[in-house]
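What follows is a single structure, written as structure tokens, with notes after it.
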Number of protein chains: 2
Amino acid sequence: MKNKPMTGDELLALFEALANPHRLRIIAILADGKQYVSQLAREAEMSRPLLYMHLQKMEKAGIVKTEMKISEDGKAMKFYELLPFEFRITPELIREAAKTLTIKKKEGK
Amino acid sequence: MKNKPMTGDELLALFEALANPHRLRIIAILADGKQYVSQLAREAEMSRPLLYMHLQKMEKAGIVKTEMKISEDGKAMKFYELLPFEFRITPELIREAAKTLTIKKKEGK
DNA sequence: AACACCAGTAATATATTTATTACAGGTGAT
DNA sequence: ATCACCTGTAATAAATATATTACTGGTGTT
């Protein structure tokens with residue numbers, strides 16, 4: 001399975017999603033398996049609202065996916081799961097992706 | 001030559017350096033060869049002070065290096081050059097690097 | 001001298017990201 | 001009813017990143 005080329009904007013969103021220490025730690029936690037939001041907040045030692053903000057940025061970048069589950073005792077639980085990825089980053093790859101950059105910061109947000 | 005493992009802080013600095021559309025375009029330009037600051041500013045269509053800010057962030061992340069030259073007609077010129085790199089990014093790699101993250105944002109700046 | 005290049009930086013303004021606080025509403029158990 | 005869990009978000013504050021403006025000073029040429 002070959003790496004299909006990313007657009008500049010996709011590549012940028014990926015880097016933005018990875019450019020934060022808390023998000024790297026979230027990835028580290030999720031690398032051990034999917035987890036629900038409240039538990040993830042405890043493990044990452046941050047508030048749920050803040051965690052949501054980080055997770056949404058990661059979701060937009062396409063490195064995590066989410067899924068609702070109803071636990072045995074009837075509680076709604078939202079699980080986040082890491083999408084397996086393997087990116088190869090080189091100057092040449094960035095040069096190609098840069099051609100499709102729309103540049104402007106934050107639009108569709 | 002094998003990829004020596006990066007510390008969490010180094011990896012974070014790398015992602016931060018890549019998480020900006022202008023810096024990706026600067027990389028794209030430098031991928032064609034070293035360039036001096038004023039010319040680079042013209043090609044990237046940005047002011048020199050702004051370009052300096054971006055280049056310094058990239059330099060700290062270790063993806064560019066700089067070198068002063070005296071042109072034939074005696075002018076001092078500062079060239080920036082891309083350091084060849086090839087990074088493989090996977091969840092496992094991030095999990096390992098996250099162990100050495102110092103987390104706090106901006107200290108030694 | 002005035003011009004066209006070159007490098008460099010300090011001070012400031014603007015925009016964005018990150019973080020917190022304060023909510024609302026659901027389930028099941030005591 | 002109260003408690004201990006769960007999800008979710010709006011409003012705001014605080015911290016950083018990005019961008020601009022206004023400078024200083026160098027070279028060689030006209």
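The chains referred to below are lettered A, B, ... by the order of the sequence lines, with proteins before strands, and numbering in each begins at 1.
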Checklist line | Non-hydrogen side-chain atoms of A:Lys69 and A:Tyr36 separated by less than 4.5 Å | finding: no
Sorted by chain and residue number, the salt bridge (Lys or Arg N to Asp or Glu O under 4.0 Å) partners of B:Lys75 (sequence neighbours excluded) come out as B:Asp73
Rounded to whole Å, CG of B:Leu51 lies from C1' of D:dT21 at a distance of 17 Å
ask   = With a 4.5 Å limit on heavy-atom distance, are the side chains of A:Leu14 and B:Leu18 in contact?
value = no
Whole-Å distance, A:Leu40 CG to D:dG8 P, equals 13 Å
Sequence neighbours excluded, the answer for side-chain hydrogen bond (donor to acceptor under 3.5 Å, both in side chains) partners of A:Arg25 is none
Per atom distances to the A:Ser38 side chain, the nearest of D:dT20, D:dT7, C:dC6 is D:dT7
Query raised in the report: Is there a donor-acceptor contact under 3.5 Å from the side chain of B:Thr100 to the main chain of B:Gly8?
Result: yes
Side chain to side chain contact (heavy atoms under 4.5 Å, CB included) test vs A:Pro21 passes for just one of B:Leu11, B:Thr102, B:Leu101, namely B:Leu101
| task | Check whether any side-chain N or O of B:Asn20 sits under 4.0 Å from OP1 or OP2 of D:dT18, and answer yes or no. | result | yes
Counting only side-chain nitrogens and oxygens, does B:Tyr36 get under 4.0 Å of the OP1 or OP2 atom of C:dA7? no
In whole angstroms, the gap separating P of C:dA19 from CG of A:Leu55 amounts to 13 Å
- Task: Consider only side-chain heavy atoms of I, L, V, M, F, W and Y, link residues closer than 4.5 Å, and tell whether A:Phe79 and A:Leu82 are in one cluster.
- Result: no
When rounded to whole Å, the NE2 to C1' distance for the pair A:His22 and C:dT18 reads 8 Å
To the nearest angstrom, the CD-P distance between A:Gln35 and D:dC6 comes to 10 Å
Taken to the nearest whole Å, CG/B:Leu50 to C1'/C:dT16 is 15 Å
To the nearest angstrom, the CE-C1' distance between A:Met77 and D:dA4 comes to 13 Å
Atom NZ of A:Lys57 and atom P of C:dA19 are separated, to the nearest Å, by 10 Å
Within residues 23-33 of chain A, the residues having a heavy atom closer than 4.0 Å to DNA chain C are A:Arg23
Scanning both residues in full, the closest heavy-atom pair of B:Ala13 with B:Ala61 reads O-CB, 3.5 Å
- Query: OP1, OP2 of C:dC5 versus side-chain N and O of B:Arg42: anything below 4.0 Å?
  - Reply: no
Contacts of A:Gln39 meeting side-chain hydrogen bond (donor to acceptor under 3.5 Å, both in side chains) (sequence neighbours excluded), chain-then-number -> A:Arg42, A:Glu43
I'd like a table of atom pairs between the protein and nucleotides 8-11 of chain C - only N or O on both sides, under 3.5 Å - with the distance next to each one.
| residue | atom | partner | partner atom | Å |
| --- | --- | --- | --- | --- |
| C:dG8 | OP2 | B:Tyr52 | OH | 2.8 |
| C:dG8 | OP2 | B:Lys78 | NZ | 3.1 |
| C:dG8 | N7 | B:Arg48 | NH1 | 2.5 |
| C:dG8 | O6 | B:Arg48 | NH2 | 3.2 |

Single-linkage hydrophobic cluster A:Met77~A:Leu55, side-chain heavy atoms < 4.5 angstrom: no
### Contact under 4.0 Å: A:His54 side-chain N or O vs C:dA19 OP1/OP2
yes
Strictly under 3.5 Å: I want the nitrogen or oxygen pairs between protein and nucleotides 25-30 of chain D, one per line.
none

| message | Using side-chain heavy atoms (C-beta onward) and a distance below 4.5 Å, is A:Ile89 in contact with A:Phe15? | response | yes
- With side chains defined as the heavy atoms from C-beta onward, is the minimum distance between B:Arg88 and A:Arg88 less than 4.5 Å? no
